[in-house]
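Here's the structure, in structure tokens; my notes come after.
Given the structure is predicted, the values throughout are model-derived calculations rather than measurements. As a basis for the values below, the full set of heavy atoms in this structure was taken, side chains included, without hydrogen atoms, waters or symmetry mates.
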Amino acid sequence: MKIEKTGHYRIFSTHIFKQRYEVSCGAFSIGDRAILTGLNPLKDSAAFQELARYWRAKLELSSRRSDDYDPTYQSFILVDDVRIPVDHICAEVNGAIIRLDFTSARMYVSRDSRVQWTASRYKAFRLFASAIRRAALKQS
């Protein structure tokens, strides 16, 4: 995946509608929970941690038992008051690109060339939040 680094903090998604556009998002939502993004990496990290707890408490068990697709489990970004379904979200923090991908049963978080796989969306959100926090604090 080729991502143009802008040199500033942002939360965005790519490949919207199978095109290679980078779309910055003002909010990220899943279920009935939405968080504002792009304000501050440490605040966004805490918001993604909270979203992980929400996912575990409300949706994780029921999503595993669901046989049919349910839009309750779909993730969206909010761009100019339009909800766009996404299967991944990216962050650029201090020049590091962090990507959370949840397209299959095994999600992953990648930062530059390092990839961490998980089977739990709860854990994936936690890993994403931790990667944002470490990048914001300039830790490896």
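In this structure, Ile89 and Cys25 approach most closely via the heavy-atom pair CD1-SG, 4.2 Å. Residues Pro41 and Ile132 share a closest heavy-atom pair of O-CG2, 3.4 Å.
Separation of atoms NZ (Lys43) and CZ (Phe48) is listed at 15.5 Å; rounding is to 0.5 Å. Atoms CD1 and CD1, from Ile77 and Ile84 in turn, are 4.5 Å apart once rounded to the nearest 0.5 Å. Atom SG of Cys90 sits about 9.0 Å away from atom CD1 of Ile11, to the nearest 0.5 Å. Annotation: the span from Ser29 atom OG to Leu78 atom CG amounts to 7.5 Å, rounded to 0.5 Å. To the nearest 0.5 Å, atom CE of residue Met107 and atom OG of residue Ser120 are 6.0 Å apart.
The side-chain contact (heavy atoms from CB on, under 4.5 Å) test applied to Ala52 returns Tyr122, Phe125, Arg126, not counting sequence neighbours. For the ring pair (Phe, Tyr, Trp, His ring centres under 6.0 Å) test, no residue two or more places apart in sequence or in another chain qualifies with Tyr9. For Ala135, the side-chain contact (heavy atoms from CB on, under 4.5 Å) partners are Val93, Ala96, Ile98, Arg111, not counting sequence neighbours. In terms of the side-chain contact (heavy atoms from CB on, under 4.5 Å) criterion, residue partners of Leu42 (sequence neighbours excluded) are, by chain and number, Asn40, Arg133, Ala136, Leu137.
Although no hydrogens or angles enter the test, the distance criterion places no donor-acceptor pair under 3.5 Å between the side chain of Thr37 and the main chain of Phe28. Under the 3.5 Å distance criterion, the side-chain polar atoms of Asp44 are matched with a main-chain donor or acceptor of Gly38. At distances below 3.5 Å, not a single donor-acceptor pair connects side-chain atoms of Ser24 with backbone N or O atoms of Arg10.
Looking at Val23 and Phe12, their side chains never come closer than 4.5 Å, going by heavy atoms from C-beta outward. Looking only at side-chain heavy atoms (C-beta outward), Asn94 and Lys138 come within less than 4.5 Å of each other. Contact check for Phe76 versus Ile30: no side-chain heavy atoms found under the 4.5 Å cut-off.
Taking the six-membered ring for Trp and the full ring otherwise, the centers of Tyr108 and Phe102 sit at least 6.0 Å from each other.
Sorted by first and then second residue, the salt bridge (Lys or Arg N to Asp or Glu O under 4.0 Å) pairs involving residues 46-55 (not counting sequence neighbours) are Arg33-Glu50, Glu50-Arg53.
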Please report the C-alpha distance between Ser130 and Gln49 in whole Å, then the side-chain angles of each, then the deciding distance to 0.1 Å, and finally whether the side chain to side chain contact (heavy atoms under 4.5 Å, CB included) criterion is met. CA-CA 8 Å; Ser130 294; Gln49 293 276 7; 3.9 Å; yes

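Hydrophobic clustering, defined by side-chain heavy atoms of Ile, Leu, Val, Met, Phe, Trp and Tyr closer than 4.5 Å, groups Leu39 together with Leu36.
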